[in-house]
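See below for the structure under consideration.
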Amino acid sequence: MSENTTANKSKNFIYEIIDEDLKTNKWGGKVHTRFPPEPNGYLHIGHAKSICLNYGIARDYNGKFNLRFDDTNPEKEETEYVESIIEDVKWLGADFRNEVLFASDYFDQMYLWAVELIKKGKAYVCDLTADEIRATRGTLTEPGKESPYRNRSVEENLSLFERMKNGDFPDGAKTLRAKIDMASPNFNMRDPIMYRIVHAEHHRTGNKWCIYPTYDWAHGNEDSIEGITHSICTLEFENHRPLYDWFLDQLGVHHPQQIEFARLNLNYTVMSKRKLLQLVQEKYVDGWDDPRMPTISGFRRRGYTPEAIRNFAEIIGVAKRDALTDISLLEYAIRDDLNKYAQRAMAVLKPLKVVITNYLEGQVEELEAVNNPENPEAGKRLVPFSRELFIEQSDFVENPPKGFHRLVPGGEVRLRYAYIIKCEEVIKNANGEVVELHCSYDPETKSGTGTSNKKVKGTIHWVSAKHAIDAEVRLYDRLFTVENPAFEENWLQHINPNSLEVIRNAKLEPFLKNAKKGERFQFERNGYFCVDTKDSTEHKFVFNRTVTLKDSWKK
RNA sequence: UGCCCCGUGGUGUAAUUGGCAACACGUCUGACUCUGGAUCAGAAAAGUUCAGGUUCGACCCCUGACGGGGCAGCCA
């Protein structure tokens, strides 16, 4: 099974490790991965990469995939985040059998295991303050100093640790530390902290605990309890692996293999939860799901599909070297997906009125338009045509640059699915701005009739003035003006002031009045758009631009 | 300065485990087109950070440099 499904795609180094493990029967043929988010923020596209990797492995090898909240720090974690994360993981299509797991459910077991380490003389209660611990940890080149509390008796440690648990001491008064090696060149091995005292309410365990396990102590425990085989995490945990291994070895329990890969970095955005939180809290954006945010909920609201994000994850691959991925890969993925099934529509974003002077006043024709040239089964629809229309302001230019083949004074252009028109007169206002065009149409050129051999270079979209519906359209651009804002001293100063352009009077083809929230369309020649799930109402349509169409017209 | 990891076209990844570098995005031509989209055909673009070594042969193995990243939270 596994061999078959993974046979012809090129394998990343993690798949190779798993193949080898299967060959040597290291895990009895089992493959079990997990995605362990801390519920302290919303998931972003980097997490999506991890979810796709972990879930993809379980899927490809017919193994299991767990969703587990690593909720070991009550001071930063909230239920709101838990809920958003579950929604995002489901939306992405990762199957966790609807079993939501929590590290906090293992607190009792972890406590017992900590007691076990104390009994083995592998852990001790330390009275040093945070500052003292930092001061005695040593430096990059010098070893640390052993804590004066390092050699307390097992009995004393046991009793002290129990009192820590019972709440006898204030925050920070004591810690439980692993007794390893203060001279280790790896900082993580210099008697790392396993438990700290925190009198805070936990989002799930309430006030049951006032000691909480640290990541290093907790994480391997969690993986072990769940029977994880391959514990995949990002590069910054590489130095923690010896500690991960040490804890599990002391305990002698199921010992998963930790494997590290490079996290995703996308250009023109930021990916750290801290920075994203700041953007939200300081109102640079509209919330975690602002369509400009690189969060999963932001992409969802923007109109991205789970398929596109999964394909993107596939395209970028998995490796150990850190990289800065070009956003164009993501944009390719969503265009490629939407192109296949997005219903086409004509929508004029910035309207310019056109009067067809030789077209009968009051006459209306219903013209046939193709719903999706990529999929004939999508059928056709009728679009009303009349004497007064709107076209895109940018589709008319008085003094066109070389190569421009849309409408110009005295020039002709095809109105998509309708007629060829000729620009006879340009009407301007007092400021000299073009406000209206008077054109004539050629009745012989009606679409599909083949009664004319006339050829024109350009075809533009349009909408009948009296039939059009109004909408607000939000055009999004990259959130930052620099490729890697995280590298900038004042990263907030590089926010793109034009990352959102709101168009309040866009004119849409009438059938769009039935568009439902979240529904996606291609506005021909403009890009892919979706109905905003939050702000769109029956009376006021709001569309978000997901991504533009590729535009090969230069200059 | 100590330890760990990484270095392949502009970008992201590959290279049958040692046989003179492939795919995708992007870019540029051209064809077609009632979306300057899609599609199709083609092109440019790295000689694999560098220097030694092993070998008939090195992107791959070894050594050393150089470059990048990570680590001194009672965050994860």
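Chain A is the first sequence line, chain B the second, and so forth, proteins listed ahead of strands; every chain is numbered from 1.
Glycosidic conformation of B:G53 is anti; the angle lies outside 90° of 0. B:G67: glycosidic angle beyond 90° from 0, hence anti. Its glycosidic angle being within 90° of 0, B:U17 falls on the syn side.
The salt bridge (Lys or Arg N to Asp or Glu O under 4.0 Å) search around A:Glu77 returns none, not counting sequence neighbours. Evaluation of the ring-ring contact (aromatic ring centres under 6.0 Å, His included) rule for A:Phe261 yields no partner, not counting sequence neighbours. Residues passing the side-chain hydrogen bond (donor to acceptor under 3.5 Å, both in side chains) test with A:Arg310, sequence neighbours excluded: none. Checked against ring-ring contact (aromatic ring centres under 6.0 Å, His included), A:Tyr441 has the following partners two or more places apart in sequence or in another chain: A:Tyr359, A:Tyr419. Partners of A:Glu226 under the side-chain hydrogen bond (donor to acceptor under 3.5 Å, both in side chains) rule, at least two apart in sequence or in another chain, are A:Asn66, A:Arg68, A:Tyr106. Not counting sequence neighbours, A:Asp245 has no partner by the salt bridge (Lys or Arg N to Asp or Glu O under 4.0 Å) test. Remark: A:Trp462 engages no residue in a side-chain hydrogen bond (donor to acceptor under 3.5 Å, both in side chains) (not counting sequence neighbours). Contacts of A:Asn371 classified as side-chain hydrogen bond (donor to acceptor under 3.5 Å, both in side chains), with partners at least two apart in sequence or in another chain: A:Gln343, A:Arg381.
Atom pair A:Leu324:CG and B:U13:P shows a separation of 11 Å (rounding to whole Å applied). Note: CG (A:Asn484) to P (B:G12) measures 11 Å, nearest angstrom. Counting to the nearest Å, the C1' atom of B:G26 and the CZ atom of A:Phe312 are 14 Å from each other. A:Gln522 has its CD atom 11 Å from the P atom of B:U35, to the nearest Å. Atom-to-atom, CD1 of A:Ile327 to P of B:G12 comes out at 14 Å; the value is rounded to the nearest Å. To the nearest angstrom, P of B:U33 lies 13 Å from NE2 of A:His405. Straight-line distance from the CD atom of A:Glu524 to the C1' atom of B:U35: 5 Å, rounded to whole Å. Atom CG of A:Leu329 and atom P of B:G10 are 15 Å apart (whole Å).
B:A76 and B:A15 have their C1' atoms separated by 36 Å, with the value rounded to a whole Å. Between B:C59 and B:U1, the distance separating the two C1' atoms is 32 Å to the nearest Å. Taking atom C1' in both B:C50 and B:C25, one finds a spacing of 29 Å when rounded to whole Å. Across B:A65 and B:U29, the matching C1' atoms stand 43 Å from one another, rounded to whole Å. Only the C1' atoms considered, B:G9 is 30 Å distant from B:C4, to the nearest whole Å. Rounded to whole Å, the separation between the C1' atoms of B:G26 and B:A45 comes to 11 Å. When the P atom is used for both B:G10 and B:G2, the distance is 33 Å, rounded to whole Å. Going from the C1' atom of B:G53 to that of B:A58 covers 11 Å, rounded to whole Å.
Between A:Glu444 and A:Lys454, none of the side-chain N atoms (NZ, or NE/NH1/NH2) sits under 4.0 Å from a carboxylate O, so this pair counts as no salt bridge.
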Sequence-aligned protein contact record of nucleotides 67-76 of chain B, with B where the base is within under 4.0 Å of a protein heavy atom and S where only the sugar-phosphate is: --SBBBSBSB
For every nucleotide of nucleotides 41-46 of chain B, 5' to 3': is a protein heavy atom under 4.0 Å from its base (B), only from its sugar-phosphate (S), or from neither (-)? ------
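For the residue pair A:Ser231 and A:Arg34, a side-chain donor N or O sits within less than 3.5 Å of a side-chain acceptor on the partner. Of the N and O atoms on the side chains of A:Asp60 and A:Tyr15, at least one donor lies less than 3.5 Å from an acceptor on the other residue. Side-chain contact of A:Asn375 with A:Glu377: a donor-acceptor pair under 3.5 Å is absent, judged by distance alone.
Each of B:U1, B:C25, B:C6 was ranked by its minimum atom distance to the side chain of A:Tyr332; first place goes to B:C25. Of all nucleotides listed (B:G37, B:A15, B:G36), B:G37 comes nearest to the side chain of A:Lys550.
Looking at heavy-atom distances under 4.0 Å, A:Val318 makes contact with sugar-phosphate atoms alone, never a base. Across all strands, A:Phe523 comes closer than 4.0 Å to no nucleic acid atom at all (heavy-atom distances). Note on A:Gly403: a base of the nucleic acid sits closer than 4.0 angstrom, heavy atoms only. Within 4.0 Å (heavy atoms only), A:Arg406 reaches at least one base atom of the nucleic acid. Here A:Glu142 lies out of heavy-atom contact (under 4.0 Å) with every strand. Using a 4.0 Å heavy-atom distance criterion, A:Gly448 is classed as a base contact.
Here A:Arg525 does not reach the OP1 or OP2 of B:G37: none of its side-chain N or O atoms lies under 4.0 Å away.
Taking only distance into account, the side chain of A:Arg414 never meets the base of B:U33 through a donor-acceptor pair shorter than 3.5 Å. Between the base of B:U39 and the side chain of A:Glu374 there is no donor-acceptor pair shorter than 3.5 Å.
Judged by the 6.0 Å distance and 45° axis criteria, A:Arg204 is positioned over the aromatic ring of A:Phe102.
Taking the six-membered ring for Trp and the full ring otherwise, the centers of A:Tyr417 and A:Phe385 sit at least 6.0 Å from each other.
Take the nearest nucleotide of RNA chain B for A:Tyr419 and for A:Asn339: the residue whose nucleotide is more 5' is A:Tyr419. Annotation: of the two residues near RNA chain B, A:Ala323 and A:Thr141, the 5′-most nearest-nucleotide partner is A:Thr141.
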Pair assignment for RNA chain B - dot-bracket with | for other-strand partners, Watson-Crick or G-U under 3.5 Å: .((((((..((((.....[..)))).(((((.......))))).....(((((..]....))))))))))).....
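Here salt bridge (charged side-chain N to carboxylate O under 4.0 Å, His left out) pairs that include residues 181-203 of chain A, with residues two or more places apart or in two chains, are A:Arg150-A:Asp191.
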